[in-house]
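The analysis underlying the following values was restricted to heavy atoms, covering all of them including side chains, and did not include hydrogens, waters or symmetry mates. Every chain is numbered from 1, with letters handed out A, B, ... down the list of sequences.
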Amino acid sequence: MEVIKTIDLREYVCPMTYVILQAEIAYLNSGDKIAVILAGKNTLADVTKSLKMDGYRVEKIEEEGEEIYKIIITVK
Amino acid sequence: MLVFFEFQIEKIVKFCREQYPIEACGLLGGKIENGVKIVKSVYFARNIAQSESRFDIEAKEQYEIIKKMRAKNEVLLGNFHSHPKTPARPSAEDRELMLDPNLVYVIFSLKDNPPTFKGFKVSRGEVSEEEITVKKVDYKTLKSGGIMRQTEDGYFAVRLKITGGNLSIEQLKGLEEVASRYGNGTLHLTARQGVEIPYIHIADLEEVIEKLKSYGLELGACGPRVRTVTACQGRSICPNGCIETQELAREIAARYYGQTLPHKFKFGITGCANNCLKAEENDLGIKGVCRPLWLKDNCTACGLCTKICPVNAITLNQQEISVDYEVCIGCGDCVKACPFEAYKGEYGYSLSFGGSFGRKINIGKKLIPFISSKEKMFTIFDKTLEFYRKEGKTGERFYKTLERVGFAKLEQYLREGERENGGN
Ligand code: SF4
Ligand code: SF4
Ligand code: SF4
């Protein structure tokens, strides 16, 4: 399955990062695969912990640059 | 009977000497308990007669003083004046002014050194002596029990024993009542989660202590002993928490609070590596930590954990994860974030020793990076206090002792303790 959307959250700081991500997810359909771009170790930790708590599984993680991360998840 | 406190007598004598050779005068305000008049405030006044044998206070000034008394919930108990050169006996003129049977008239004589003083009362026109008691104030004993002298004579800030920064609504009601009735209507929150009630007059102390007790509030400890045990909310409330902190704080307080040591000693408990409670500021700091144990079978080598670890303690090498426990700060993020449950988190305590954030700053040293048994941790606490009692000089903070004798000596002492207790 292909990534249908990339959500760039680099400009946000916690806790807004996850709030915006949730808002974006709300417009997507179950089964959609998306990529999320995050900046900073702390943000990566916070977002991935929150995703897990909400029942999402990070399927893949790539480092796009210095502390820039791309994670792949599938919408529930 | 009229009760003075020592410092009031000193204050009056000083004032009388300053006014010499003119008669000094003033009013006494306070409270009456079971017929006993207790002086809370001494109000100096100007003798408008400016005479060596007579005194008179202007009506306007008397009125101003009575207003001040009312504001403090005091009643007029009597007055005082000095006899610069004659004994503490009422003169014919004094007798003429002793009219109110409800008041006590005190005369200070500067004729003798040290000055003498006597109280008088009047009943159906007859003047007789009234007994005066002078109470000593033992500041040191008061302080050790959490009652601290304020800048203003006679007033104290009462420190309460609060554990882990938690107060019940019932206790808050007690604080409200005491602060508004006996204090100045304010409470002070201390830097270590404590509460102090300022502006408690020495004459009200016993009553205040009884009142506080009835609300389940005890006085705090000052001086060279185990102080308030501080704690964050911990696991039962905070989702980040690795350990339960509040119950632990109560257990520590029950076991050690108020124990005498060479100097003050502080325990502080923080629930996780976020360190909201600043564990290393304390003589003995306790931090909840998570030790991640990698479960190879579940791991997909996705690499997420290696990227989120704040201290880069995790490396992934050919499908193999290794965690450097020397570097790991026990935050538990890897366990919480791993999408494949490839970590099992073991929760425990990390202990730091010799922290101090007073005149000199010293960050507690992490001597025990991980211990999971609470029981064994208490043995460590016992041993640590025992060590401090044995090695510490009077008035020496714990970190100073550790610097002097070496941290290694404490480590060795703790290891010996472990062996006595069945090892590991
Ligand atoms: S130290 Fe940890 S457990 Fe305690 S309040 Fe802060 S985040 Fe929560
Ligand atoms: S996050 Fe979990 S699955 Fe991914 S590499 Fe680390 S341990 Fe393995
Ligand atoms: S517990 Fe925290 S510091 Fe330790 S390895 Fe995991 S992420 Fe790193």
Per-residue contact mode, [X] against chain B (heavy atom under 4.5 angstrom):
X	value
Lys52(A)	side chain
Glu67(A)	neither
Tyr69(A)	side chain

Establish, yes or no, whether the cationic atom of [X] lies under 6.0 Å from the six-membered ring centre of [Y] and within 45° of the ring axis.
X	Y	answer
Lys374(B)	Tyr349(B)	no
Arg291(B)	Tyr325(B)	yes
Lys365(B)	Phe407(B)	yes

Close side-chain approach of Val58(A) to Phe340(B), heavy-atom, < 4.5 Å: no
Residue part contacting chain A, namely of Cys334(B), when any heavy atom lies under 4.5 Å: neither
